[in-house]
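Please read these numbers as outputs of a predicted model, since none were measured by experiment. Protein chains get the first letters and strands the later ones, always in sequence-line order, with residue 1 at the start of each.
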Amino acid sequence: MLSKILLHEHNIRNIRSYFVKEGFYEFTLPILKASLPLEPNIHALKTTWNTPKNSQTLYLSTSPESELKKIMATGITTKCFALTKSFRNLEGSGPHHQPEFLMLEWYRKNANYTKIMDDVKKLILSIKKSLNIFLKKPPSSIISLQDTPKDFSLKWPIISLIDAFTKYAKLNLTEILQDEVLWKEAKKKGYSIEKQTSWSELFDQIFLNEILPHLPANPFFLIDFPARISTLCQPRRNNPNFAERFELFIGRVEIANGNTENTNIKYVKRSFNEEKKRRNQTKKVIPPIDNEFLQALEKMQDTTYAGVGLGVERLSMILSGTTDIKKLYI
Amino acid sequence: MTKISTSDFQKGIFIEYNGEPHQITDFTFVNPGKGSAFVRTKLKNLKTGNVREFTYKSGDKVEEIPMEVREMQYLYKTDDKYHFMDKFTYEQYELKDDILGNFANFLKEGDIFQVIIHSGEAVTMRFPKKVRLRVVESEEAVRGNTVMGAKKIVTLETGVQLTVPLFIKTGDLVAVDPETGQYLERA
């Protein structure tokens, strides 16, 4: 067990030195925040800061995204990253999931999501290489994935959700973007629809049950996420119903989630307000909307920039063949 | 039949899935990134014994199937069937070995178990967390990591082998976790 912990720490050190070598600036960011971007399904842990004068509600950061974007907006650098603890509330814990986790995020100016996909693969191969040296093993890009060896240096396919829905769920993803159509198709398939069921829940449920089990265990990038569930992502120019967004899956577990950033402040503000309305109805916690973040987005509106969030524990789990995230902690 | 939600899920309960009774053999929480919570369950079809996975939305409602639990005595085994007798009615019921799995190694003839009945048939049993069995044979040799404490292999009265600490002798009663097949303590 101790060796998995040391391996994880080693990966963290190597991630840091990889980015430094690539010319990225690291930033150590606040974890206690007074306001957050308001994204669907991302809930923050709340706490109270008591001083002799008053008390203030603060939230634990759900990701370094908003702070890193504020930094990008200052123009101080064109490449930045953060390796920091993030916190999520209202999510059950599981073998790949804990309320507190280590998030790696990086952003590039004048780049789009395809460049970031390249970054992700390069990073993981580099970490694997460093691990071989640390473990005094010969250089190799072979990883044992669910008990079978996989060569990570081979092509990581890019799979479109549009194609996957057609092939495995027998659904036209563009058509089911409309609520009534998805509801009808889901009912036909026997999925239950409760009063509070949302479009994104049904979409995810169909994906988890009918599509993911057919996708490879080897690394692949999933693209063509509907824009309606990708609020901070730039919509595709030739097909704005879908976003310039990707997720990296290894072992059929999501490891990273990245995109070309949306700099249309009206669009982002509208999404935040829609989420606020939704939370009012479900009585979930509504942190104040981070206006500095919106201002930073506005400053970036004439640039193309892209970034990604990667779960470092999950990466360590893949590289060490661990199946339970808790084995990485003492 | 009552409706329960995913927050009521427990290992071992019975629910209706696709119109047929299934037992939840395992479940875990899944959170797609930037998505809501889901419960991935392993469901065993009581009629066919097939196990499949289904992922529910957190908060989905399902029909819970109430089952009858009866105390029965384990009698004997024939081929792949294990025979039990209801203590009060003397009726006999059978469970197949694929339902019992590893637990079959720890069934002692004459012991009482909680058997679960649905529509007049035994479908499964409540596996106790601990079973007490006698050691009938033990070797002299020492095995294993001496840092953790030397261990040896013994044979229990049901014929199964068990790794135990050195101080366990033939004739001793030991407590075993039937799910993992691991020694717990001297009974």
Asks: Mind listing the closest non-hydrogen atom pair of B:P32 and A:L208 along with its distance?
Replies: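 Nearest heavy atoms, B:P32 then A:L208: CG-CD1, 4.3 Å.
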Asks: Step through the shown structure and confirm whether more than 12 heavy atoms of other residues, nucleotides or ligands are within 6.0 Å of NZ on A:K46.
Replies: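 At most 12 heavy atoms, drawn from other residues, nucleotides or ligands, come within 6.0 Å of this atom.
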Asks: Can you tell me if B:F167 has over 12 outside heavy atoms packed within less than 6.0 Å of its CZ?
Replies: yes
Asks: Taking only residues two or more places apart in sequence or in another chain, which ones pass side chain to side chain contact (heavy atoms under 4.5 Å, CB included) with A:S160?
Replies: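 Only A:I162, A:D163, A:I223, A:D224 meet the side chain to side chain contact (heavy atoms under 4.5 Å, CB included) criterion with A:S160.
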Asks: Partners of A:Y107 by ring-ring contact (aromatic ring centres under 6.0 Å, His included), sequence neighbours excluded?
Replies: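 Checked A:Y107 against ring-ring contact (aromatic ring centres under 6.0 Å, His included); zero matches.
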Asks: Enter the distance from A:I42:CD1 to B:S36:OG here, rounded to the nearest 0.5 Å.
Replies: 11.5 Å
Asks: More than 12 heavy atoms of other residues, nucleotides or ligands under 6.0 Å from CD of A:Q196: yes or no?
Replies: yes
Asks: For A:S198, is it the side chain, the backbone, both, or neither that has a heavy atom closer than 4.5 Å to a heavy atom of chain B?
Replies: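 Neither part.
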Asks: Can you name the residues of residues 54-62 of chain B that have some heavy atom under 4.5 Å away from a heavy atom in chain A?
Replies: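 At a heavy-atom separation under 4.5 Å, chain A is reached by B:F54, B:T55, B:Y56, B:K57, B:S58, B:G59, B:D60, B:K61.
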Asks: Quick check on A:E201 against chain B: is it the side chain, the backbone, both or neither that has a heavy atom closer than 4.5 Å?
Replies: both
Asks: Which residue pairs satisfy the side chain to side chain donor-acceptor pair (under 3.5 Å) criterion with at least one member in residues 71-81 of chain B, sequence neighbours excluded?
Replies: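 Residue pairs passing side chain to side chain donor-acceptor pair (under 3.5 Å), neighbours aside: B:T78-B:H83.
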Asks: If you count every heavy atom of other residues, nucleotides or ligands that lies below 6.0 Å from B:E137 atom CD, does the total exceed 12?
Replies: no
Asks: Give a yes or no on this: more than 12 heavy atoms of other residues, nucleotides or ligands lie within 6.0 Å of atom NZ of B:K42.
Replies: no
